[in-house]
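The structure displayed is predicted, hence computed values, not measured ones.
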Amino acid sequence: MAEVKKTAPAGGRPPSGEKAGGWTRFVTARPRLTLLVALVLTALAVLAGGGVADRMGSGGWEDPAAESTYATEALGRQFPGSQPNLLLLVDAGAAGTDAPAVAAEARRLAERLDAEPGVDGVGSYWSTGSPALRSEDGRKAVIAARIAGEEKDAAAVLDRIAPEYRGTHGPVEVSLGGGLAVRHEMQTVIQEDLLRAELIALPLTLVLLVMVFGSAVAALLPLGVGIVAILGTNAVLRGLTEFTDVSVFAQNLTTALGLGLAIDYALFVVRRYREELAAGADTYTAVRTTLRTAGRTVLFSALTVAVSLAAMLLFPQYFLRSFAYAGIAVVLLAAAAALTLLPAALVLLGDRINALDLRRLLRRGRASGQDGAGAGWARAAALVMRRAPVFAVLTTAGLVLLGLPFLGVKLGTADDRQLPVTASSRVVQDELRHGFPGDPGGTLTVLAEGEATPAQYAAYRERIGTLDGVVRVDGPVTAPGGHAYFTVVPEGETVGADAQRAVTELRAAPAPFETSVTGQAAVLVDSKDALAERLPWAAAVIVLVTLLLVFLLTGSVLIPVQAVVLNALSLTAMFGAVVWVFQDGHLAGLLGFTPTGDIETTLPVLMFCVAFGLSMDYGVFLLSRIKEEYDRTGDHEHSVRFGLRHTGGLITAAAVILAVVMVAIGTSRVTNTKMLGLGIALAVLMDAMVVRSLLVPSVMKLTGRLTWWAPGPLRRFHDRFGISESDTPAPAPEPDLREPSGKTPEERREMSPLHP
């Protein structure tokens, strides 16, 4: 007589006699109420997170405690004209800049700009006669000004006045540029690109989920979890903007991780739930088992990813800190939704999780394609382990080779060339860069504070003029109260080695007053110093916490070390590609960006933290199933095959979906966002398809039973505090079941052509 399944009655209450843990009871006792509360909270998040992008900044690469930051702020207060952030490029055409009508109109525009609230330090070619402010062909000249205030306040002033000045004014055509205009346009472009990326990623993700699950109902669940995580994170970021600066770039990470991790977690939960149903469990028991096993792994994985992202809080640049805020929030919200909303939905759906099966025609009568795919992964694992030394050596060598270009990395600063060539502020900056004498952004400024005589100023100017790498020194420009500044023109590129060396020598030069140096090269030097000072601490936090968490999961001393080393190896291709493509300019035409010969200083740190966390995410999924089976059987090699059989396809599907989301982000017209999206996509695919498929099983085969060793005190610590997907202790090692052929009965079944 066929066995009859016990199905949880409506409302999610367990069958009589069933016992469940507190969390299971909490999320399944009132599933409709749980989903209703979630819907209300999501609606509130939409309201709370509205307009968050308008409150974000587009800078944040500088160390706020650095000497260059102090000098820039002090110069802005004492000498507004020395630090212009708004440039009006006045095009006189064939008439030339010195034509009477052109000069009169330009002076009128400058006077009008000087009268605007919030604008000061207005100067121009027509008021100073400086040849540096007129193009070499005599057709264009510059009006420079500074909009004071915090970044958001300055952007609001620019929004107000820009329409009044941009365009045709009598005999001249005016375009807007300068640092503030560049950052403001970058913020606008990022918002537009993010919307386009979401429109690309969401439908493609849904199609891929349908291909993975077959069921349209099952496919919609991960997408719903991702949307909840994204909307919730936007609300969190909106709240944070009330207290601290948040970079607009962080929204890209919110979308990518919100969809990617939510889908990862939902895939893992839904897959385990369907496995339990297929094994004959009723709905409630399947949900309970899923939360006890896959649910623990999801929570554990979220902690490991959050720790990797939290390391960015140790850096002073708010650009990096913003990614930590967004990443931690979206990871925790994705996990919370996967462990709360998803079980409630599963209780209500029951067997209907498999409804609307869109792959029925493709399966040709097979009950499920998962078993066959799983057998393929088991066979692949067996093959890799039979040739473990070969796979381990060749894979490691290949990954190291792909990472070699990173040895030639050159760190720089982001500028207007991040924008597409058609962006209006980029057009202005390109004209200044190529059509005006000298490099308008390449000078260094030395702020002098303290009373001094003209003779002392002259002696200092002469002294710094003789330093290596200094071409010319102008100034001083003085102000009451013992304030002055010198303008220094260094040799070479704006942020090249010569300019950076000049910064160091200027700061070391003796002076009869206090000096501070700023300029793009000085900002770069200070940023590199801040990163170098804190990078060891961030790396130590990531490594130590990862070692601890993986030990708590596995109870092994060796597996945590393997996890850290193999995760680091999985990132080599990403870092090598970043230098080869974005620094050296290969594929620049195909990808549509302008190579600058360097990589923005904070990007490698950001990409490492994000990619390492995602690699740990997949590593935890695989290790948890291997450990679960090892606890059940005590058979090391069988457990590795089992883990790959049950997670190989899942991890690959999750990686492909996340890569699609990251590639959608990588279609951005802003170079840094493009680099982040495409680089992380490459790292995710390499981790899932190379490291998890080839390197992990080969290394675990080489380490054998030693893989699970731990000294007595640590084993007792794990027994007390460790996390396991199985409540069953590991049994004694089973006898060798291999037949004379050298294969176990399970291997022979899997390799049989009749095996599903």
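- The side-chain heavy atoms of Leu404 and Leu407, taken from C-beta on, include a pair separated by under 4.5 Å.
- For the atom pair OG1 (Thr546) and CZ (Phe551), the distance works out to 15.0 Å, reported to the nearest 0.5 Å.
- Remark: Gln583 CD to Asp598 CG distance equals 7.0 Å, nearest 0.5 Å.
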Exercise for review: Apply side chain to side chain contact (heavy atoms under 4.5 Å, CB included) to the pair Phe582 and Leu603, showing each step before the final yes or no.
Suggested key: CA-CA 12 Å; Phe582 290 95; Leu603 257 294; over 6 Å; no
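- Checking side-chain atoms of Lys674 against main-chain N and O of Leu591 turns up a donor-acceptor pair under 3.5 Å.
- Put simply, the side chain of Thr647 never gets that close to the backbone of Leu622: no donor and acceptor are under 3.5 Å apart.
- How far CG of Leu569 is from OG1 of Thr396: 5.5 Å, rounded to the nearest 0.5 Å.
- Atom CG of residue Leu678 and atom CE of residue Met607 lie 8.5 Å apart, to the nearest 0.5 angstrom.
- Between atom CG of residue Leu558 and atom CE of residue Met700 there is a gap of 8.5 Å, rounded to the nearest 0.5 Å.
- Inter-residue side-chain proximity for Tyr618 and Leu658 is flagged as met; some heavy-atom pair is nearer than 4.5 Å.
- The backbone N or O of Phe621 sits less than 3.5 Å from a side-chain atom of Ser624, completing a donor-acceptor pair.
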Practice item. Begin from the C-alpha positions of Leu299 and Arg296 and carry the test side chain to side chain contact (heavy atoms under 4.5 Å, CB included) through to its verdict. Key: CA-CA 5 Å; Leu299 180 60; Arg296 292 179 182 178; 5.8 Å; no
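- A tilted orientation is assigned to the rings of His646 and Phe642, their planes being inclined by 30° to 60°.
- In this structure the side chain of Lys701 never reaches within 4.5 angstrom of the side chain of Val640, judged on heavy atoms.
- Ring pair Trp708/His636 is perpendicular by interplanar angle, where above 60° counts as perpendicular and below 30° as parallel.
- Put simply, the side chain of Asp631 never gets that close to the backbone of Glu628: no donor and acceptor are under 3.5 Å apart.
- Put simply, the side chain of Gln418 does not reach to within 4.5 Å of the side chain of Met675, judged on heavy atoms.
- There is a side-chain donor-acceptor pair under 3.5 Å between Ser668 and Asp193.
- In this structure, Val400 and Thr572 approach most closely via the heavy-atom pair N-OG1, 4.3 Å.
- Leu257 is listed as a side-chain neighbour of Leu614, based on a closest heavy-atom distance under 4.5 Å.
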Check your understanding: After noting the C-alpha distance and the side-chain angles of Leu291 and Leu339, does the key distance pass the side chain to side chain contact (heavy atoms under 4.5 Å, CB included) rule?
Key -> CA-CA 7 Å; Leu291 284 177; Leu339 298 180; 4.3 Å; yes
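- Relative orientation of the His586 and Trp580 rings is parallel, given thresholds of 30° and 60° on the angle between their planes.
- Counted by atom type alone, Ser615 and Ser570 present one or more donor-acceptor pairs between their side chains at under 3.5 Å.
- Judged purely by atom type and a 3.5 angstrom limit, Arg274 has no side-chain atom pairing as donor or acceptor with the backbone of Ala218.
- With a 4.5 Å cut-off on side-chain heavy atoms, Val305 and Ile328 do not count as touching.
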Check your understanding: How far apart are the C-alpha atoms of Asn567 and Met616, what are their side-chain angles, what is the distance that settles it, and do they pass the side chain to side chain contact (heavy atoms under 4.5 Å, CB included) test?
Key -> CA-CA 7 Å; Asn567 280 2; Met616 280 305 306; 2.6 Å; yes
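- Heavy-atom minimum distance, Ala197 versus Ala664: CB-O, 3.4 Å.
- Contact detail for His718 and Leu552: the closest heavy-atom pair is NE2-O, 3.0 Å.
- Taking CE of Met686 as the reference point, atom CG of Leu695 lies at 10.5 Å (rounded to 0.5 Å).
- Looking at Leu644 and Pro697, their side chains come closer than 4.5 Å, going by heavy atoms from C-beta outward.
- Between the Thr601 side chain and the Gly412 main chain, a donor and an acceptor come within less than 3.5 Å of each other.
- For the residue pair Leu571 and Ala683, the shortest heavy atom distance occurs at CD2-CB, 4.3 Å.
- Classified by interplanar angle (parallel below 30°, tilted 30° to 60°, perpendicular above 60°), the ring pair Phe406/Phe575 is tilted.
- No donor-acceptor pair under 3.5 Å is formed between the side chain of Ser639 and the backbone N or O of Gly634.
- When side chains are defined from C-beta on, Thr707 does not count as touching Val699, because their heavy atoms never get closer than 4.5 Å.
- For the residue pair Thr290 and Glu276, no side-chain donor N or O sits within less than 3.5 Å of a side-chain acceptor on the partner.
- A salt bridge does not link Glu629 to Arg625: none of the charged nitrogens lies less than 4.0 Å from a carboxylate oxygen.
- Between Arg715 and Asp719 there is no salt bridge, since no side-chain N of the basic residue sits under 4.0 Å from a carboxylate O of the acidic one.
- Residue Ala334 comes nearest to Val225 through the heavy atom pair O-CG1, 3.8 Å, listed as atom of the first residue, atom of the second, then distance.
- Nearest heavy-atom pair across Ala573 and Leu682 is O-CD2, 3.6 Å.
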